[in-house]
Amino acid sequence: MTISAQAKALADRIRSASRAAALSGAGMSVESGLPTFRSGSRALWRNHDPMTLATPDAFARDPVLVWEWYRERLRAHGSAQPNPGHLALAELERRIATFTLITQNVDGLHLRAGSRDVIELHGDVRTSRCIRCGERVETPLAGEVPPRCACGGLLRPNVVWFGEALPAGAYERAYEAVAQSHVFIVAGTSAIVFPAAGLVEVARAAGAFVVEVNPDETPATSRCDVSVRAPSGEFLPLVVQHL
Ligand code: APR
């Protein structure tokens, strides 16, 4: 089936669906110029050890190194723009009665694209919190490293590090949305980090039409009704065009 025919098939399903959901990963932001974690030459985990940057122990051991890395990512997020894939998902939210976008991304590009019903399953880098008093603040882009709270405590990014719990209620809301969906789109994720990747099985159990959008195969591919070998920034706008 051609990419265009797959886009038309998904649009047909969406047209008759009152409830839909999507799970996005770092691949969604590739066409905005941001690296993924595991694919491509710029993959973050190819050039950095996550255990030295994205765990509570790493932060306790070297908060300066961790903050320098997150500040670099935050600056890259700030100069990136939402791409046609982000904009297409925001348009789907306007066209479907209930559309919940569950993202593993912390770059904020879905919100900047206009999506509103967004669950940031792995937190965000735009805000930080004090490890002493819990105060939440806008992440300071400049100034001392590591940044400190007014109380003097260290600030940490509001992202979910390996080994940490997801934001309170986030997974439960995502589960509820997917368990009631008629269509579930999985875009730009390697589908190997749980519990996010487990939402594919939740969608299947709900009888949803499950579509993967990824230039490469993933462990979720065989569990999807359709797996589209295309960049999300190319395929998702085609779906909207066919609506
Ligand atoms: N369009 C769609 N998918 C793409 C594109 C594109 N243009 N370019 C690459 N991809 C795919 C890759 O083939 C890969 O399968 O995006 C996927 C990105 O996978 P990862 O780098 O593993 O990113 P992600 O799935 O978001 O990682 C999940 O792992 O490290 C943790 O917390 C981090 O949220 C992250 C989680």
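The residues of the chain are indexed from 1 along the displayed sequence. Start at 1 and go down the list; that is how both ligands and their atoms are numbered.
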Donor-acceptor pair, [X] side chain versus [Y] backbone, under 3.5 Å?
| X | Y | result |
| --- | --- | --- |
| T103 | E120 | no |
| N158 | V125 | no |
| N105 | D107 | no |
| R156 | V159 | yes |
| R46 | G40 | yes |
| W67 | L155 | yes |

Which residue holds the protein heavy atom closest to [atom], what is that atom called, and what is the gap in Å?
| atom | answer |
| --- | --- |
| atom 6 (C) of ligand 1 | G27 O, 3.3 Å |
| atom 7 (N) of ligand 1 | E31 OE1, 2.9 Å |
| atom 13 (O) of ligand 1 | N214 OD1, 2.8 Å |
| atom 1 (N) of ligand 1 | S232 N, 2.9 Å |
| atom 34 (O) of ligand 1 | H122 ND1, 2.8 Å |

Taking the minimum heavy-atom distance to [atom], which of [options] ranks first?
| atom | options | result |
| --- | --- | --- |
| atom 22 (O) of ligand 1 | S29, A54, S190 | S190 |
| atom 31 (C) of ligand 1 | E217, R46, R38, Q104 | R38 |
| atom 3 (N) of ligand 1 | G233, G188, A43, S39 | G188 |

Region of [X] engaging ligand 1 - heavy atom pairs below 4.0 Å:
| X | value |
| --- | --- |
| T189 | both |
| V30 | side chain |
| M28 | neither |

* Asked: Judged by non-hydrogen atoms, does P215 sit under 4.0 Å from ligand 1?
  -> yes

Side chain proximity check, [X] to [Y], heavy atoms < 4.5 angstrom:
| X | Y | result |
| --- | --- | --- |
| V239 | E91 | no |
| L10 | V226 | no |
| R229 | E212 | yes |

Atom indices of ligand 1 within 4.0 angstrom of [X] heavy atoms, with elements:
| X | result |
| --- | --- |
| A26 | 23 (O), 24 (P), 26 (O) |
| P231 | 1 (N), 6 (C), 7 (N) |
| D216 | 13 (O) |
| W45 | 30 (O) |
| T36 | 21 (O) |
| G25 | 26 (O) |

So CD of Q81 and CG of L87: to nearest 0.5 Å the spacing works out to 10.0 Å

- Would you say F37 has any N or O atom under 3.5 Å from an N or O of ligand 1, going by distance alone?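 Yes; at least one N/O pair falls below 3.5 Å.
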
**Request:** Take the angle between the ring planes of W161 and F59 and call it parallel below 30°, perpendicular above 60°, tilted in between.
**Result:** tilted

Salt-bridged, E93 to R116, with N to O below 4.0 Å? no

